[in-house]
Amino acid sequence: MDGGRAEGTSKHTGLTVLAGPTAVGKGTVSTYIRDTYPEVWLSVSATTRPARPGEQEGVHYFFKSPEEFDRLVEEGAFLEWAVVHGRNRYGTLRASVEDAIAKGKAVLLEIDLQGARQVKAAMPEARFVFLAPPTWEEMVRRLVGRGTESPEEQQARLETAKIELAAEPEFDFTVVNDDVRRAADELVSLMGLTPHARQSAR
Ligand code: 5GP
């Protein structure tokens with residue numbers, strides 16, 4: 001599929017997948033993009049996770065019961081889906097994403113690594129962007145957090161982080177999340193769009 005506003009780099013697709021290790025700040029970057037870049041079509045996933053305060057149906061997620069999610073899986077409604085953090089299921093709704101791509105929109109999926117691998121198998125021509133922490137030390141700080149986890153839990157999180165970081169070579173591009181706005185602007189540029197000019201410091 002040639003053409004469309006999103007064609008800006010070597011790949012010929014409007015689809016960009018953003019993934020990366022847990023706690024790297026994917027959610028913060030995608031929230032910033034949702035608020036700042038209306039020209040990006042950010043996919044709204046379905047999930048079995050209950051809504052958090054302030055989250056709206058159809059804006060942050062489509063909230064589904066496990067039975068509803070099962071039905072969508074059976075219908076083949078998902079481009080990809082995965083159990084994330086061993087708990088809830090999350091999935092990208094195929095029809096809305098394909099429709100947005102067909103309309104030439106700059107489509108962004110913010111999903112976990114398992115989901116990114118499924119999209120790569122289904123749509124290898126998409127653009128795959130790995131969001132990386134600035135340093136391993138910073139990542140450890142974010143993961144270990146406030147010291148509320150047991151040493152075993154902390155160790156488990158760090159092991160997971162190591163495995164997740166090793167996935168970077170599977171991606172076309174790496175964006176370092178040293179600063180949310182800078183990382184979001186870099187991502188938008190990779191998508192072939194023009195980053196907004198920044199206001200000078202207030
Ligand atoms: P949260 O529950 O904090 O909103 O998201 C938890 C994790 O689920 C994040 O790592 C996010 O990238 C991932 N996620 C959100 N939507 C999807 C999706 O549609 N598919 C997959 N595979 N992961 C998702």
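One is the number of the first residue; the rest follow in order along the sequence. Whatever order the structure lists them in is the order used to number ligands and atoms, beginning at 1.
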> How does Trp81 reach ligand 1, by side chain, by backbone, by both or by neither, if only non-hydrogen atoms under 4.0 Å count?
Replying inline: neither
> Can you name the nearest heavy-atom pair linking Thr174 to Ala132, along with the distance?
Replying inline: CG2-CB, 3.8 Å
>> So if I count the atoms of ligand 1 from 1 in the order they appear, which ones are less than 4.0 Å from some heavy atom of Thr92?
In response: 19 (O)
>> We want to know whether Tyr37 and Asp185 form a side-chain donor-acceptor pair, criterion being a heavy-atom distance below 3.5 angstrom.
In response: yes
> In terms of residue, atom name and distance, what is the protein heavy atom nearest to atom 9 (C) of ligand 1?
Replying inline: Glu110 OE2, 4.1 Å
> What part of Arg52, side chain, backbone, both or neither, has a heavy atom within less than 4.0 angstrom of ligand 1?
Replying inline: side chain
>> Test side-chain contact (heavy atoms from CB on, under 4.5 Å) on Arg89 and Thr47; report intermediate values, then the result.
In response: CA-CA 6 Å; Arg89 286 178 286 170; Thr47 183; over 6 Å; no
> Heavy-atom contact under 4.0 Å between Gly91 and ligand 1?
Replying inline: yes
>> I'd like to know if Glu55 and Arg49 make a salt bridge, using a cut-off of under 4.0 Å between side-chain N and carboxylate O.
In response: yes
>> As an exercise, identify every atom of ligand 1 less than 4.0 angstrom from a heavy atom of Ala82.
In response: 22 (N)
> Passes salt bridge (Lys or Arg N to Asp or Glu O under 4.0 Å), Glu80 versus Lys120? Steps please.
Replying inline: CA-CA 10 Å; Glu80 61 75 33; Lys120 193 161 188 185; over 6 Å; no
> What do the steps show when you test Ile111 against Thr92 for side-chain contact (heavy atoms from CB on, under 4.5 Å), and what is the final call?
Replying inline: CA-CA 8 Å; Ile111 59 178; Thr92 304; 3.8 Å; yes
>> I'd like to know if Arg49 contacts ligand 1, where contact means a heavy-atom distance under 4.0 Å to any ligand atom.
In response: yes
> Going by the order shown, which atoms of ligand 1 are within less than 4.0 Å of some heavy atom of Gly115?
Replying inline: 22 (N)
> Is ligand 1 under 4.0 Å from a heavy atom in the side chain of Asp112, in the backbone, in both, or in neither?
Replying inline: both
> What protein heavy atom is closest to atom 7 (C) of ligand 1, reported as residue, atom name and distance in Å?
Replying inline: Val84 CG1, 3.6 Å
>> Below 4.0 Å, non-hydrogen atoms only: which portion of Lys26 touches ligand 1? Side chain, backbone, both or neither.
In response: side chain
> Could an N or O of ligand 1 be found under 3.5 Å from any N or O of Glu80, whether backbone or side chain?
Replying inline: yes
> Would Glu138 and Arg142 pass as an ion pair if we require N to O under 4.0 Å?
Replying inline: yes
> Checking side-chain contact (heavy atoms from CB on, under 4.5 Å) for the pair Asp35/Thr31: CA distance, chi angles, key distance, verdict?
Replying inline: CA-CA 6 Å; Asp35 294 344; Thr31 299; 3.8 Å; yes
> Between Thr36 and Arg181, is a side-chain contact (heavy atoms from CB on, under 4.5 Å) present by the stated rule, with each step listed?
Replying inline: CA-CA 10 Å; Thr36 317; Arg181 291 192 306 175; over 6 Å; no
> How far is atom 16 (N) of ligand 1 from its nearest protein heavy atom, and which residue and atom name does that atom have?
Replying inline: Ser45 OG, 3.1 Å
>> Is there a salt bridge (Lys or Arg N to Asp or Glu O under 4.0 Å) between Glu75 and Arg71? Walk through the geometry before answering.
In response: CA-CA 6 Å; Glu75 287 168 3; Arg71 199 167 336 115; 5.4 Å; no
>> Measuring from atom 2 (O) of ligand 1, which candidate in Phe62, Tyr90, Tyr61 has the nearest non-hydrogen atom?
In response: Tyr90
> Considering only heavy atoms, does Gln114 approach ligand 1 within less than 4.0 Å through its side chain, its backbone, both, or neither?
Replying inline: neither
